[in-house]
Amino acid sequence: MAVSKRLRYEILRRDNHTCRYCGASAPDVPLRIDHVTPVALGGTDHPSNLVTSCEPCNNGKSSTIQGYVAAASIESVPPSSEVLADEAERLWLEAYTGVYGGTELTLQQLEEVRTGARDMYQVGMTADHIRKAATVAGFKGDTFVCLGEVSDPNWLAITGEAFRVWRSLWHRSTGYREWPEMQEVLLFECSVEGSINAGLERVAILRAATLAGHAQSVYIEDFLDATVREARGL
């Protein structure tokens, strides 16, 4: 199925009318829409598989160099926020459906994944960080991709549990009107990581996360007993 004119326009706009392989832009070169994974090798017309390509790069590509082209599409120029949102959604979907199946997925879940990826991009997280976070979040069944980049299972389990408690109490404390912003989430995550590295036990972290959420604070160490903070160097 041919790529529609509307989709072509959206891809060109998303990529800022710039070739994703060499960085050339209009009007210096003619631009085309290219499949990262060629249709002949199973590629689709999904936006995550479409990139802007100049005519010379497009003519020089063939379906026999799939690996080379895939690498070029990621590394030649920094991906845009929307490109990363597309990638995060695709990676999250692959991980999530592999564990939980896809029968009960909602559009809201997918949009939460995309929003999280965009927010991480805005606060300066790297593309690789966002991709890894989306994959691990999918395995966890969580749509908040900022918690997904750490591979240590103990760290991830405690942080995820503390985050859910903290976020829920934060939301409740606002009368169920507001959720914490992405930057606040990242600061909370760093606070939990510091407490874990200091040797704090799970129960103490969850208790402090509960109090911090109720107070709309991102620093759980402020809600630890003074003797505990001193003993752990917090």
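Counting begins at 1 with the first residue of the sequence.
- Within the 4.5 Å cutoff, no side-chain heavy atoms of Arg32 are placed close to those of Arg8.
- Between the CD atom of Glu112 and the OG1 atom of Thr106 there is a distance of 7.0 Å, given to the nearest 0.5 Å.
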Show your reasoning for whether side-chain hydrogen bond (donor to acceptor under 3.5 Å, both in side chains) applies to Ser191 and Glu221.
CA-CA 7 Å; Ser191 179; Glu221 52 266 34; 2.4 Å; yes
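- The OG atom of Ser173 lies 9.0 Å from the CD atom of Glu178; values are rounded to the nearest 0.5 Å.
- Criterion: ILVMFWY side-chain heavy atoms under 4.5 Å apart, direct or through other members. Under it, Trp170 and Phe223 are not part of a common hydrophobic cluster.
- Between the side chain of Thr210 and the main chain of Leu206, a donor-acceptor pair closer than 3.5 Å is present.
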Would Thr159 and Ile196 count as a side-chain contact (heavy atoms from CB on, under 4.5 Å) here? Give the steps.
CA-CA 9 Å; Thr159 304; Ile196 294 173; 3.9 Å; yes
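- In the hydrophobic clustering of ILVMFWY residues, with side-chain heavy atoms under 4.5 Å counting as a link, Val185 and Ile205 come out together.
- Of all non-hydrogen atoms in Ala162 and Ala209, the two that sit nearest each other are O-CB, 3.9 Å.
- The two atoms that bring Val218 and Glu184 nearest to each other are CG1-O, 3.4 Å, heavy atoms only.
- In terms of heavy-atom proximity, Ile11 sits nearest to Thr52 at O-OG1, 3.5 Å.
- Shown here is Tyr219, whose OH atom has no more than 12 heavy atoms of other residues, nucleotides or ligands within 6.0 Å.
- The side-chain heavy atoms of Pro180 and Phe188, taken from C-beta on, include no pair separated by under 4.5 Å.
- Summarising the geometry of Arg131 relative to Leu84, their closest heavy-atom pair is NH2-CD2, 4.2 Å, with the distance given to 0.1 Å.
- Using a 4.5 Å cut-off between side-chain heavy atoms of Ile, Leu, Val, Met, Phe, Trp and Tyr, with links allowed through other members, Leu50 and Leu91 fall into different hydrophobic clusters.
- In this structure, the side chains of Cys19 and Val29 stay at 4.5 Å or more apart for every pair of heavy atoms.
- Criterion: ILVMFWY side-chain heavy atoms under 4.5 Å apart, direct or through other members. Under it, Ile158 and Leu187 are part of a common hydrophobic cluster.
- Annotation: Glu111, atom CD; neighbour count of heavy atoms from other residues, nucleotides and ligands within 6.0 Å is above 12.
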Assess the residue pair Leu110 and Leu93 against the criterion (side-chain contact (heavy atoms from CB on, under 4.5 Å)); give the C-alpha distance rounded to whole Å, side-chain angles, the decisive distance to 0.1 Å, and a yes or no.
CA-CA 8 Å; Leu110 298 179; Leu93 266 173; 3.8 Å; yes
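- Ring geometry for His171 against Tyr176 counts as perpendicular: the plane angle is over 60°, on a 0 to 90° scale with 30° as the lower cut.
- The two residues Gln109 and Thr143 come nearest to each other via the heavy atoms O-CG2, 3.7 Å.
- Nearest heavy-atom pair across Asp34 and Ser53 is CB-CB, 3.7 Å.
- When the side chains of ILVMFWY residues are joined at heavy-atom separations under 4.5 Å, either directly or via intervening members, Leu211 and Ile220 end up in two distinct hydrophobic clusters.
- In this structure, CD in Glu82 is found 12.0 Å from CD in Glu87, a value given to the nearest 0.5 Å.
- Under the ring pair (Phe, Tyr, Trp, His ring centres under 6.0 Å) criterion, His17 pairs with no residue, sequence neighbours left out.
- In this structure, Phe163 and Trp166 have tilted ring planes: the angle between them lies in the 30° to 60° band.
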